[in-house]
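Just so you know, ligand 1 is whichever comes first in the structure, and atom 1 is the first atom listed for that ligand.
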Amino acid sequence: MDEGLLQYGSGVTERLFWRQAQALIEMHTGPVITARQVGEGFNSEIAVVINDTTFVKGLRSDHPRVWTQERERRINPHVAKVSASLRWTETTGGWDLNGFDLIEGRTAFYGPSSPDLELIVAMMTRWPSAPDGVDLKYAEQRWSGYSDRSELFAGDWLSHTDWSPGNVLIGGDGRAYMLDWAWPTRGARWLDPACWVVWLIASGHHPARAQAWASEIPAFAAAPAHALTAFAQAQAAMWEDIGDHAPQPGLAAAAARWVEHRTD
Ligand SMILES: Nc1ncnc2c1ncn2[C@@H]1O[C@H](COP(=O)(O)OP(=O)(O)OP(=O)(O)O)[C@@H](O)[C@H]1O
Ligand SMILES: [Mg+2]
């Protein structure tokens, strides 16, 4: 019997689920010849490269976070300059699947001597502006639970906000790409470089060096000092709250070091 190439589960019901997903994918890609699972599988039930040409990300339609799929669809046409284009969507058969162009590359590395950092700065300088008519989160609301000055984070700029290196791909073409647009947010122009700072510190940068990298983005260099400090404090509170559910250890400590550096 054809077992299907998507092999995520071992039970009969599981196998049936994946075969159904495979049939839905094949409506768009033609026969699945190769299926390579990618990502750490934190969020997506399906994250798979099909036939070395398409990246498919999906959740079952009854998944509590299935709305992240719709959010990615809505923002995708507006972030083409820095991300992978969405080619198709399938929301039948109990699944919600998004099929993107495959970007050949590797996950970014944020360590102090990484050549990727320049490429990421270059990506941030070709960043798209916030689109009209797309429902975005608002920075001042997203962090209101972690700051009583969150109005300082407001603005009209499009922010990604999830700077996990797993969401940044270094393409074979020497460019950095930003993936996983599940939380597009309207906020201050310095917000994304500020989110990046925490990850840089967690990756071994001294807070001063991390800020120097972020300052390559003029909007961060020009950001009001008190707003940045309030944001660093909000990040520290947020990562502390997320605790063991954080995608990697050390983020709360990194954000706390950043706060300390700015308030010493
Ligand atoms: N268009 C693409 N081309 C190539 N690889 C991709 C593409 N989109 C995503 N990936 C890879 O797949 C991984 C998972 O994708 P993404 O981050 O969008 O999903 P996720 O739900 O956050 O998954 P995870 O929980 O594993 O992080 C990424 O870390 C990246 O390595
Ligand atoms: Mg991700």
Handout entry: Within 45° cone and under 6.0 Å: Arg60 NZ/CZ vs Trp18 ring
Key = yes
Exercise for the section: Using the test salt bridge (Lys or Arg N to Asp or Glu O under 4.0 Å), find all partners of Asp173 that sit at least two apart in sequence or belong to another chain. Expected result: none
Exercise for the section: Determine, considering heavy atoms only, which of Ser44, Ala47, Gly105 sits nearest to atom 21 (O) of ligand 1. Expected result: Ser44
Practice task
Side-chain contact test, heavy atoms from C-beta onward, threshold under 4.5 Å: evaluate it for Asp162 versus Trp183 and give yes or no.
Solution key: no
Handout entry: Atom of Pro165, atom of Ala108 and distance for their closest heavy-atom approach
Key = CB-O, 3.5 Å
Exercise for the section: Give a yes or no on whether the backbone of Val259 and the side-chain of Thr263 come within a donor-acceptor separation of less than 3.5 Å. Expected result: yes
Exercise for the section: Find all atoms of ligand 1 within a distance of less than 4.0 Å from any non-hydrogen atom belonging to Lys57, and give their numbers and elements. Expected result: 16 (P), 18 (O), 19 (O), 20 (P), 21 (O)
Problem - Close-contact set for ligand 1 against Leu179 heavy atoms, below 4.0 Å - result: 6 (C), 7 (C), 8 (N), 9 (C), 10 (N), 30 (C)
Handout entry: Which segment of Val38 sits under 4.0 Å of ligand 1 when only heavy atoms are counted
Key = side chain
Exercise for the section: Assess whether salt bridge (charged side-chain N to carboxylate O under 4.0 Å, His left out) is satisfied between Arg189 and Asp156, documenting all intermediate values. Expected result: CA-CA 7 Å; Arg189 200 164 183 160; Asp156 252 335; over 6 Å; no
Problem - Pairs where residues 193-210 contributes a residue and the test side chain to side chain donor-acceptor pair (under 3.5 Å) is met, not counting sequence neighbours - result: none
Problem - Part of Ala84 with heavy atoms under 4.0 Å of ligand 1, whether side chain, backbone, both or neither - result: side chain
Practice task
Taking only heavy atoms of Asn167 into account, list the atoms of ligand 1 that are under 4.0 Å away from them.
Solution key: 17 (O)
Practice task
Carefully, step by step, assess Asp101 and Arg87 under the rule salt bridge (charged side-chain N to carboxylate O under 4.0 Å, His left out).
Solution key: CA-CA 7 Å; Asp101 278 346; Arg87 287 295 168 211; 2.7 Å; yes
Exercise for the section: State the atoms of ligand 1, each with its element, that fall below the 4.0 Å cut-off from a heavy-atom position in Gly166. Expected result: 28 (C), 29 (O), 30 (C)
Exercise for the section: Answer with side chain, backbone, both or neither: which part of Glu104 has a heavy atom less than 4.0 angstrom from an atom of ligand 1? Expected result: neither
Fill in the blank from the handout: Leu102 heavy atoms within 4.0 Å reach ligand 1 at atoms 3 (N), 4 (C)
Practice task
Report yes if some N/O of Asp101 lies less than 3.5 Å from some N/O of ligand 1; otherwise report no.
Solution key: yes
For residues 214-234, run the donor-acceptor check on the side chains, cut-off 3.5 Å, and write out each pair with its distance to 0.1 Å, sequence neighbours left out.
{"from": "Ser215", "atom 1": "OG", "to": "Gln211", "atom 2": "O", "distance (Å)": "2.7"}
{"from": "Thr229", "atom 1": "OG1", "to": "Ala225", "atom 2": "O", "distance (Å)": "3.0"}
{"from": "Thr229", "atom 1": "OG1", "to": "Arg262", "atom 2": "NE", "distance (Å)": "2.9"}
{"from": "Thr229", "atom 1": "OG1", "to": "Arg262", "atom 2": "NH2", "distance (Å)": "3.3"}

Exercise for the section: Check Thr185 against Ala139 and note the closest heavy-atom contact, atom names and distance. Expected result: CG2-N, 3.5 Å
Exercise for the section: Could you name all protein N, O or S atoms found under 2.8 Å from the Mg ion (ligand 2)? Expected result: Asn167 OD1, Asp180 OD2
Handout entry: Ring centres under 6.0 angstrom apart (His160, Trp181)
Key = yes
